Amino acid sequence: MLDALRKKDVLGIPALFFLALTIVYILTRLPLLGYLPFIQDEAIYTIMIGEQHDHPTIIPTLFGYPISWKMAPFFWLYSFLSGFTQGFGPEAGFRFPSVVFGFVCLVPLYLIMRHFSDDNRAFLSCILYLVSFVSIYPNTSLLIDSPAFLLILLSLYFYVVKGNPLAGGAFAAIAFTFKLVTAFISPVLALGYFILIGKKEMAADKLFIASLALPLLAALLNYALLSPFGGGNQVYFEELLPRLLTSGVQMDLLTRLSMSLNTLAYSMGPVFLLSILGFVKNWRKHRFMSLWFALTILPFLAATQYPWYYLPVLPAVAFFAALAVYDGKNALNQNLPGLFIAAAICAISLMLVWGAYLALHNLHNTEKIAGEMLAGKENVLIIGHFKPGILAYKELGERRTLGRPLDYGFILGPPSFGGDDAAAFVREYDTGSVPAINGSFSGMYTSPSIFRKDTDISSFDYLVLSGDLGFRLSAPEIPLQGGDILIYKKPGAP
């Protein structure tokens, strides 16, 4: 049977390797799919997906107002796909499409790796790719990165393996509609590929130049679409440029680099350390992969708290890690010391993944508990710092039981938001004594402002304080107090 699997191919991958990659993928993804509550952006995306399911719009919305920092195709796609998977439970149901896209990624990833090496090293590269938090987390989360990375890999595959620049540019343009400027990595790498392999004339080819225009055209169309409400300048100049240069975090360089080192350590540290050895020994032999590997410096300088920023460069990191333990001179199963090292690296990586998931669960599960407690409750005011899981689980519970989310009040404050500000809004939701942006939350990731959701509620029965605001009430009942989330209930409220 093993001989038969070695001789057969599945989508261009030796069947035995395809089977092994499938087993590793399933074992490292499916058990985690529903483990974590919705965290940060995931929680916001559940609300936006629900709104697109109710009323599809060209520009995605949050609380009915257009937002600038994401384009609509992701929300259209997941609002459609999640309708088939909701029987898996809220978390696994929304995240299951990410698992599928992540699995499909293995085909172009393997074929690209083999184009620059052989089957054995391509297989080992894919295994090291699969055990890193950088790939596991997007594949098991409601994030844009899993489908976006598939499009990026397909773009690069057509550029460098198939030599079809128009198809490469088309996939890069589609990728842009999911992940904005990250999509430009494949045209940049394709340009480097032609230069490094001595085909500079290909870089000046009309078809290649035309392919570069496709993602640029997508960017211009997006800017024009957002400009009527000021979203074009907001997303490109107020969010993307600061995030690319400083991750949007106002801190000194040493602090930012320290945060990046911490993120790198738990997200792909063992594989990355191994890749450095492989890179030092082999960079001259694999100049294109060396260029790809060198791009790791960009997410390192900008990513800080966002490990998935490393996903576009993880294939090159895994490639050089594979070269560090397997030189290709002997059969893969004859290189026992190298395989032992690779197995140890995989085990350490997976332990880091499980530790990170446990920490994230403990950190964010109170938001889920609070949101589920509030589901179905009317006259609710949620006020404080960014803990969107409360909103997500309240709305999800109401959609499940009532078919629609109930109205509620929501005040989102920046890190400086404190007790005096909270007290002013508790006394009068529409107060003008504290400046706030009303209705639209489009600038909530870029502006240190206070944002106030529109509501028709004039009197609140439930008050939710999220974050350590330094503000407390003495009289009402407290049905929940967990971490820095506090829920007050007005006496006599249902």
Side-chain angles (χ1 to χ4, degrees), residues 28 32 35-43 128-141 143-146 149 179 182 185 239-240 242-280 292-318 320-321 324 344-367 385-389 414-415 445 467-468 483-484:
T28 55
L32 298 173
Y35 176 68
L36 291 179
F38 291 118
I39 293 173
Q40 301 290 76
D41 289 356
E42 281 190 294
L128 292 167
Y129 164 90
L130 285 177
V131 299
S132 296
F133 182 90
V134 172
S135 66
I136 290 176
Y137 188 74
N139 293 162
T140 57
S141 302
L143 292 177
I144 297 174
D145 300 79
S146 198
F149 189 53
K179 198 63 178 176
T182 308
I185 188 172
E239 180 180 3
L240 285 178
R243 182 160 292 187
L244 287 171
L245 297 175
T246 66
S247 189
V249 181
Q250 300 303 314
M251 60 180 63
D252 62 86
L253 179 62
L254 288 178
T255 302
R256 193 162 65 246
L257 293 181
S258 175
M259 292 178 65
S260 287
L261 279 173
N262 179 65
T263 302
L264 182 65
Y266 78 81
S267 63
M268 64 174 182
V271 175
F272 184 73
L273 289 175
L274 192 61
S275 74
I276 294 175
L277 297 177
F279 178 77
V280 170
W292 197 351
F293 182 86
L295 294 180
T296 304
I297 191 65
L298 297 179
F300 180 78
L301 291 176
T304 62
Q305 305 172 72
Y306 307 103
W308 47 90
Y309 278 22
Y310 288 101
L311 186 58
V313 297
L314 180 59
V317 172
F320 281 109
I345 292 296
C346 290
I348 295 170
S349 296
L350 290 175
M351 284 190 287
L352 289 173
V353 168
W354 297 329
Y357 268 69
L358 179 61
L360 288 170
H361 182 276
N362 293 338
L363 183 63
H364 293 279
N365 199 52
T366 306
E367 295 178 45
H385 300 147
F386 190 60
K387 295 186 182 295
Y445 289 115
D468 188 8
D484 56 357

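These figures come from a predicted structure and were not determined experimentally.
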If you take all heavy atoms of [X] and [Y], which pair is closest and at what distance?
X: L311; Y: S135; value: CD1-CA, 4.0 Å
X: A265; Y: P270; value: O-CD, 4.1 Å
X: P312; Y: P315; value: O-CD, 3.9 Å
X: A324; Y: L277; value: CB-CB, 4.2 Å
X: H361; Y: Y35; value: CD2-O, 3.4 Å
X: L128; Y: C346; value: CD2-SG, 4.0 Å

Could you give the distance from [atom1] ([X]) to [atom2] ([Y]), rounded to the nearest 0.5 Å?
X: M259; Y: L264; atom1: CE; atom2: CG; answer: 13.5 Å
X: I345; Y: M268; atom1: CD1; atom2: CE; answer: 13.0 Å
X: L130; Y: S349; atom1: CG; atom2: OG; answer: 11.5 Å
X: I39; Y: L360; atom1: CD1; atom2: CG; answer: 4.5 Å
X: K179; Y: Y309; atom1: NZ; atom2: OH; answer: 6.0 Å

May I ask you to test the [X]-[Y] pair for a side-chain heavy-atom distance under 4.5 Å?
X: F293; Y: V317; answer: yes
X: L261; Y: F300; answer: yes
X: P388; Y: E367; answer: yes

The side chain to side chain contact (heavy atoms under 4.5 Å, CB included) partner of W308 among S146, S267, P138 is P138

Test side chain to side chain contact (heavy atoms under 4.5 Å, CB included) on D41 and Y445 and set out the steps. CA-CA 11 Å; D41 289 356; Y445 289 115; 2.7 Å; yes

Could you tell me whether the side chain of T28 and the main chain of V131 form a donor-acceptor pair under 3.5 Å?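 The answer is no, because no donor-acceptor pair under 3.5 Å joins these two groups.
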
Over 60° means perpendicular and under 30° means parallel, so classify the ring planes of [Y] and [X], tilted if in between.
X: Y357; Y: Y137; answer: perpendicular
X: F279; Y: F320; answer: perpendicular
X: Y266; Y: F133; answer: perpendicular

Starting from the C-alpha separation in whole Å, work towards a yes-or-no answer on side chain to side chain contact (heavy atoms under 4.5 Å, CB included) for Y306 and T263. CA-CA 7 Å; Y306 307 103; T263 302; over 6 Å; no

State which residues pass ring-ring contact (aromatic ring centres under 6.0 Å, His included) with H385; sequence neighbours excluded, sorted by chain then number. none

All ring-ring contact (aromatic ring centres under 6.0 Å, His included) counterparts of W292, not counting sequence neighbours: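 Counting only residues at least two positions away or on another chain, W292 forms no ring-ring contact (aromatic ring centres under 6.0 Å, His included).
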
Should L32 and V353 be marked as a side chain to side chain contact (heavy atoms under 4.5 Å, CB included) after you check the CA-CA gap, both sets of side-chain angles, and the distance that decides it? CA-CA 10 Å; L32 298 173; V353 168; 4.1 Å; yes

Applying side chain to side chain contact (heavy atoms under 4.5 Å, CB included), run through T296 and F272 and close with a yes or a no. CA-CA 10 Å; T296 304; F272 184 73; 3.9 Å; yes

